[in-house]
Amino acid sequence: MNESIFTFASVLAIVAWLSLVLALVVPPSVTRERLLRFGGRLVPVALCALYVGVLYTNWGAVPDGNFSDLAGVVALFSHPGNVLGGWIHFLAFDLLIGHGVIDHGLAHGYSRIALVLVLPFIFLYGPMGLLAYAVLVMIIQGVKSRRQV
């Protein structure tokens, strides 16, 4: 059962990421808005609901597990159901971050190519991708401020 849920969540997330990338390729339109809503809102909410279900079915599976020290976290993630929950957690939150980056980038007129290039880092490495975007924003702002002087 866990393997089926893992596959479903992973495929759903990949489709959502593809919709976010496609949204950056198409011109501003209703289609773009639908792609962004699907990949950046609907799928993350669905993954959050799935996460709650996985969390509920695995609650208490590791009595020694806790979030107060590293050993407790390792104990929590020694159970496959809890690892599955963690995976779904990553999928949902990385999609939300990706959508936020796209919203911010489009609102500020950043290159859609630059946004497409940063999305795989958010998908694969979460915080590193967000850091890459933050650095990109600082570079763009620095270039803009130099042009204004």
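Everything numeric here is computed off the predicted structure, so don't read it as measured data. Computed from heavy atoms alone, side chains included, the values below leave out hydrogens, waters and symmetry copies.
Residue Leu42 shares its hydrophobic cluster (ILVMFWY side chains chained together at separations under 4.5 Å) with no other residue. Residue Val74 is found in a hydrophobic cluster whose other members, listed by chain and number, are Leu70; membership requires side-chain heavy atoms under 4.5 Å apart, directly or through intermediates.
Taking the side-chain hydrogen bond (donor to acceptor under 3.5 Å, both in side chains) definition, one finds that Trp87 meets it with Ser10, sequence neighbours left out. Listed by chain and number, the residues in a side chain to side chain contact (heavy atoms under 4.5 Å, CB included) with Ser68 are Asn66 (sequence neighbours excluded).
Val43 is not listed as a side-chain neighbour of Leu91, based on a closest heavy-atom distance of 4.5 Å or more. Side-chain contact between Val73 and Asp69 is absent, with no heavy-atom pair separated by less than 4.5 Å.
Placement of Leu22 and Leu106 in two distinct hydrophobic clusters is found when ILVMFWY residues are connected by side-chain heavy-atom separations under 4.5 Å, directly or transitively. Residues Leu47 and Phe90 do not share a hydrophobic cluster, defined by chaining ILVMFWY side chains whose heavy atoms lie under 4.5 Å apart. Under the 4.5 Å side-chain contact rule for hydrophobic residues, Val137 and Tyr125 share a cluster. Residues Leu18 and Leu35 do not share a hydrophobic cluster, defined by chaining ILVMFWY side chains whose heavy atoms lie under 4.5 Å apart. In the hydrophobic cluster analysis, where Ile, Leu, Val, Met, Phe, Trp and Tyr join through side-chain heavy atoms closer than 4.5 angstrom, Ile14 is grouped together with Leu20.
Applying side-chain contact (heavy atoms from CB on, under 4.5 Å) to Val30 and the options Glu33, Arg34, Arg32 leaves one that passes, Arg34.
Sequence neighbours left out, not one pair with a member in residues 1-25 passes salt bridge (Lys or Arg N to Asp or Glu O under 4.0 Å). Annotation: side chain to side chain donor-acceptor pair (under 3.5 Å) contacts involving residues 17-31, sequence neighbours excluded, are absent. For residues 24-83, the ring-ring contact (aromatic ring centres under 6.0 Å, His included) pairs, not counting sequence neighbours, are Tyr51-His89. Residue pairs meeting the salt bridge (Lys or Arg N to Asp or Glu O under 4.0 Å) criterion with at least one partner in residues 77-92, sequence neighbours excluded, are absent. Among residues at least two apart or in separate chains, there is no salt bridge (Lys or Arg N to Asp or Glu O under 4.0 Å) pair with a member in residues 130-143.
Residues Gly65 and Ala75 share a closest heavy-atom pair of CA-CB, 4.1 Å. Scanning all heavy atoms of the two residues, the minimum distance from Ala92 to Cys48 falls at CB-SG, 4.1 Å.
Considering CG of Leu36 and CG of Asp103, their distance stands at 6.5 Å, rounded to 0.5 Å. Note that CG of Leu131 is 11.0 Å distant from CG of Leu136, once rounded to the nearest 0.5 Å. Here the CG atom belonging to Leu84 is positioned 7.5 Å from the CG atom belonging to Asn58, to the nearest 0.5 angstrom.
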Scan the side chains in residues 108-124 for donor-acceptor partners under 3.5 Å anywhere in the protein, sequence neighbours excluded, and list what turns up.
residue	atom	partner	partner atom	Å
His108	ND1	His104	O	2.9
Ser111	OG	Ile113	N	3.1
Ser111	OG	Ala114	N	3.2
Arg112	NH1	Leu24	O	3.2
Arg112	NH1	Val26	O	3.2

Counting only pairs under 3.5 Å, give me each side-chain donor-acceptor contact of residues 94-102, with atom names and distances, residues two or more places apart or in other chains.
residue	atom	partner	partner atom	Å
His99	ND1	Arg41	NH1	3.0

